[in-house]
Amino acid sequence: MENKKKSLVRLEEYVEQWLSMPVDAADPQMEAENYYREKIFPLVKELFREKEGAKLEGKNIYGLILTVGTSPEPLVLSISACCPERVLFLYTPETEKHLDEIVKLTGLEVSQLEKWQVRDNDPLSIYQAVMQAWENWARHGDV
């Protein structure tokens with residue numbers, strides 16, 4: 001509990017610093033983004049995993065099927081909280097670029113993941129991919 005309080009205080013300090021970053025820097029967007037990635041997001045991930053992961057304690061989640069969007073953070077948080085044995089990423093050519101960062105931030109092993117390309121704005125291809133993964137994985141545990 002004490003660690004959580006310290007992490008929350010640190011997070012508040014980092015967010016305050018982040019919000020006060022100068023907008024007239026050489027590349028303010030990049031500076032703010034780097035600060036967020038290096039200081040803020042690791043604490044957010046730690047706190048999220050602690051809170052949401054506790055809700056899943058005792059559950060064996062075999063597979064997690066995720067659509068890759070424009071931001072890797074929600075996927076990183078979900079994977080970190082669920083700790084699945086396998087992860088399937090459904091991606092488009094535009095979102096594939098986020099996969100390396102997601103894998104890096106979650107520590108997933110190559111043997112734990114699959115990636116399937118789906119057509120953008122085509123719910124049927126996404127549904128078919130989800131159903132195929134479900135059929136492949138359901139016998140192993142929760143998906």
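Because only heavy atoms are used, hydrogens play no part in the values below, and waters and symmetry mates are left out as well, while side chains stay in. Source: prediction; values computed, not measured.
Both Ile102 and Leu66 are assigned to one and the same hydrophobic cluster, defined by single-linkage of ILVMFWY side chains at heavy-atom distances under 4.5 Å. Val143 and Val87 fall into different hydrophobic clusters, defined by Ile, Leu, Val, Met, Phe, Trp and Tyr side-chain heavy atoms under 4.5 Å apart, directly or through other members. In the hydrophobic clustering of ILVMFWY residues, with side-chain heavy atoms under 4.5 Å counting as a link, Leu113 and Val118 come out apart.
Grouping Ile, Leu, Val, Met, Phe, Trp and Tyr residues whose side-chain heavy atoms lie under 4.5 Å apart, directly or via other members, places Ile61 in a hydrophobic cluster with Leu56.
Salt bridge annotation for Lys55-Glu52: present, with a cationic side-chain nitrogen under 4.0 angstrom from a carboxylate oxygen.
Take Tyr91 and apply the side-chain contact (heavy atoms from CB on, under 4.5 Å) test, not counting sequence neighbours, and it matches Val68, Thr95, Glu96, Leu99, Lys115, Gln117.
The side-chain heavy atoms of Phe48 and Val76, taken from C-beta on, include no pair separated by under 4.5 Å. The shortest distance between side-chain heavy atoms of Glu73 and His98 does not fall below 4.5 Å. When side chains are defined from C-beta on, Asn60 counts as touching Glu85, because their heavy atoms get closer than 4.5 Å.
With hydrogens and angles ignored, the 3.5 Å screen pairs a side-chain donor or acceptor of Arg86 with a backbone N or O of Ser111.
Using cut-offs of 30° and 60° on the angle between ring planes, the pair Tyr36 and Phe41 is tilted.
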Got a list of side-chain donor-acceptor pairs under 3.5 Å for residues 123-132, not counting sequence neighbours?
| from | atom 1 | to | atom 2 | distance (Å) |
| --- | --- | --- | --- | --- |
| Ser125 | OG | Arg119 | N | 3.4 |
| Ser125 | OG | Asp122 | O | 3.1 |

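For the atom pair Glu50 CD and Glu46 CD, the distance stands at 7.0 Å (nearest 0.5 Å).
Closest of all the heavy-atom pairs between Ser80 and Lys45 is OG-CE, 3.4 Å. For the pair Glu101 and Pro72, the tightest heavy-atom approach, listed with the atom from each and the gap, is OE1-CG, 3.6 Å.
A 6.0 Å sphere centred on NZ of Lys39 holds no more than 12 heavy atoms belonging to other residues, nucleotides or ligands.
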